[in-house]
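Reading through the C-alpha cells given below for one structure.
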Amino acid sequence: MRFHASPLIAGVHPPPISEVKGWLAGAPEGLPLIDLCQAIPDYPPPRELTDHLSQVMLDPHTSRYSIDEGLPEVREAVCTGYRELYGACIDPAQLILTIGASQAFWLAMVTLCRAGDEVIVQLPAYFDHPMALEILGIRCVYAPFEEENAGLPDPAAIAALITDKTRAILLVTPSNPTGAVIPPETVRELHRLAVSRDIALVLDETYNSFITGGARPHDLFQDPDWGGHFVHIASFGKTFALTGYRAGMLAASREFISHALKAQDTMAVCQPRLAQHAVKYGFEHLGGWVAANRVMMERRHEVFRAEFTKPGNAFKLAASGPFFGWVRHPLPKATGREVAKRIVEEAGMLLLPGEVFGPGLEGYLRLAFGNIREETIPEAVARFRDFNL
C-alpha cells in the first residue's frame with residue numbers, strides 16, 4: 001500500500017495463533033499432529049442446544065439487530081446464572097452482551113482510558129490485551145512474573161507500580177497462559193487496593209467455568225456496590241463451546257455501562273441474536289453439561305501433570321490448570337519462538353512461545369489442553385521427553 005498505517009498498529013506483533021499455524025508447513029509427514037496451540041474446547045455444543053437454535057432461526061426477528069446491550073430476557077438469564085455462580089448482586093442494566101470477551105475488553109479499555117494513560121498488566125499476559133492497549137496508545141505497565149508463585153499477582157508489587165496516570169489493574173483469572181487461579185482473598189486485597197487508589201480492577205474471567213471443583217471465583221459481586229471499582233469480562237464461548245458464535249459480556253456499574261454503550265453502538269451494535277439465544281439456553285438448561293465438561297478438563301490436567309512431572313523430562317511445568325500448562329523449556333540460549341518452531345518441525349506438536357505473553361518470557365511455552373484428548377496425553381509428553389536438545 002502507498003498510504004501509511006498508524007504507527008501504533010504497525011509496531012504490534014502479528015496475531016500469534018496465525019503466526020504459529022504458519023509453521024505447520026514444516027511439520028513432519030506421517031507423524032500425527034498434536035495441537036496444543038489454541039485454547040478452545042474440542043467438543044461441540046450439545047445437540048439439544050443446536051436443535052433449539054434451528055427452531056430459533058425460523059423466527060425472522062433472529063436475523064435482525066437487538067438493542068445494543070442485548071435482549072432483556074437474555075441478560076436476565078445471565079444474571080440468574082451469576083447469582084448462582086458468584087452469589088452476585090447483579091441486574092440486567094449492569095451488563096452488555098458482546099462479540100466475545102475480546103470486544104468486551106475493548107469496550108472496557110476505551111471507556112476507562114485515553115491515549116497516554118497506563119494500565120497495570122500482570123505477566124504473563126494474555127497476548128491480545130497488550131496488543132489492544134498498544135494500538136490504543138495506552139501504556140502497559142507490567143507486573144513481573146515470579147515462577148515460584150506460579151505468576152500469581154503480588155498486591156504489594158502492583159501497588160508500587162501505580163502512578164497518577166494509572167487507570168486500571170488488569171488481571172486474567174484463571175490465567176491464560178498459566179492456568180493459575182487467583183485466590184479469592186487476593187482478589188479482595190487487590191480490589192481494596194483499587195478502591196484506595198480510585199482506579200478500576202478489571203478481571204478477565206473467560207475460564208471461570210473451569211475452576212477445579214467448581215469453586216466460586218471470588219466474592220466481589222456480593223457487595224451491592226461492586227461496580228464502584230470492579231469491571232468484569234466474560235466469555236460464554238468457552239463455557240458453552242460456542243467460540244465461533246462470539247458470545248461474551250462486559251459487566252460493570254450502570255454508569256460505566258451507559259458510557260460503554262456509546263462505543264458498543266459504533267463498534268458492533270449488538271451481539272448477534274443467535275448467539276444471545278444460545279447463551280440464554282445455556283444458562284437455563286446446560287448447568288450439568290458445563291459441570292461435566294469441567295470435570296473432563298480437570299481430568300486431562302491431572303493426567304498431563306502426572307505424566308509431565310515424572311523424572312527424566314527436561315521441560316519443567318512451571319504452572320498449570322484445567323485449560324493450560326506453562327512450561328519452561330531447557331534451551332537457555334534459544335527463544336521461545338525458536339523452540340516452539342523446532343517442536344513443530346521435529347516433534348509434530350503445535351504450541352505458543354512464551355514471549356508472545358510479554359517481555360522477558362522467552363524461556364517459556366504455553367500448552368492448551370482444549371484440543372488434546374486424555375488418551376493422547378502420554379504420547380504428547382513422550383514427544384517432549386524425546387525432544388533432541
* Asked: Run the side chain to side chain donor-acceptor pair (under 3.5 Å) check on E73 and Q276 step by step: do they pass?
  -> CA-CA 10 Å; E73 62 270 26; Q276 293 186 50; over 6 Å; no

Quick one: pull up [atom1] in [X] and [atom2] in [Y] and give me the separation to the nearest 0.5 Å.
X	Y	atom1	atom2	result
L171	H129	CG	NE2	10.5 Å
F230	D225	CZ	CG	13.0 Å
R216	Q222	CZ	CD	5.0 Å
R337	L365	CZ	CG	12.0 Å
R300	R373	CZ	CZ	6.0 Å
L250	L95	CG	CG	8.5 Å

Have [X] and [Y] got a donor and an acceptor in their side chains that come within less than 3.5 Å?
X	Y	answer
H277	K280	no
Y82	Q94	no
E19	H13	no
H191	D223	no

* **Note: E379-R383 ion pair, threshold 4.0 Å (strictly below)** => yes

* **Salt bridge K310-E307, side-chain N to carboxylate O under 4.0 Å** => yes

Are the side chain of [X] and the backbone of [Y] linked by a donor-acceptor contact shorter than 3.5 Å?
X	Y	value
T206	A234	no
S175	V172	no
R328	K316	no
E134	V12	no
H229	S196	no
Q38	G370	no
R83	C89	no
Q271	G248	yes
R273	S63	no
N176	Y126	no

Please check if the number of heavy atoms outside [X] that lie under 6.0 Å from its [atom1] is greater than 12.
X	atom1	result
E374	CD	yes
E84	CD	no
R114	CZ	no
I9	CD1	no
E29	CD	no

Which heavy atom of [X] sits nearest to which heavy atom of [Y], and what is that distance?
X	Y	result
P130	C140	CA-SG, 3.8 Å
R385	T309	NH2-C, 4.5 Å
L107	A260	CD2-O, 3.7 Å
E298	G213	OE2-N, 2.7 Å
P92	E76	CG-OE1, 3.4 Å
A132	F105	CB-CE2, 3.7 Å

* Asked: Between F323 and H301, is the ring centre distance below 6.0 Å?
  ->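 Ring centres of H301 and F323 not closer than 6.0 Å.
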
* Quick one: are the ring centres of Y245 and F236 less than 6.0 Å apart? ->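 Between F236 and Y245, which both carry aromatic rings, the centre distance is not below 6.0 Å.
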
* Asked: Do V119 and I182 belong to the same hydrophobic cluster, where Ile, Leu, Val, Met, Phe, Trp and Tyr are linked whenever their side-chain heavy atoms lie under 4.5 Å apart, directly or via other members?
  -> no

From [options], residue fulfilling side chain to side chain contact (heavy atoms under 4.5 Å, CB included) relative to [X]:
X	options	result
P41	T239, T243, N293	T243
I96	Q264, M249, Q103	Q264
C37	V20, N371, L367	V20

* Reference residue Y364; test ring pair (Phe, Tyr, Trp, His ring centres under 6.0 Å); the match among F324, F145, F357 ->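 Exactly one option meets the ring pair (Phe, Tyr, Trp, His ring centres under 6.0 Å) with Y364, and it is F145.
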
* To do: Check whether any side-chain heavy atom of N208 lies under 4.5 Å from a side-chain heavy atom of Y86, and answer yes or no.
  => yes

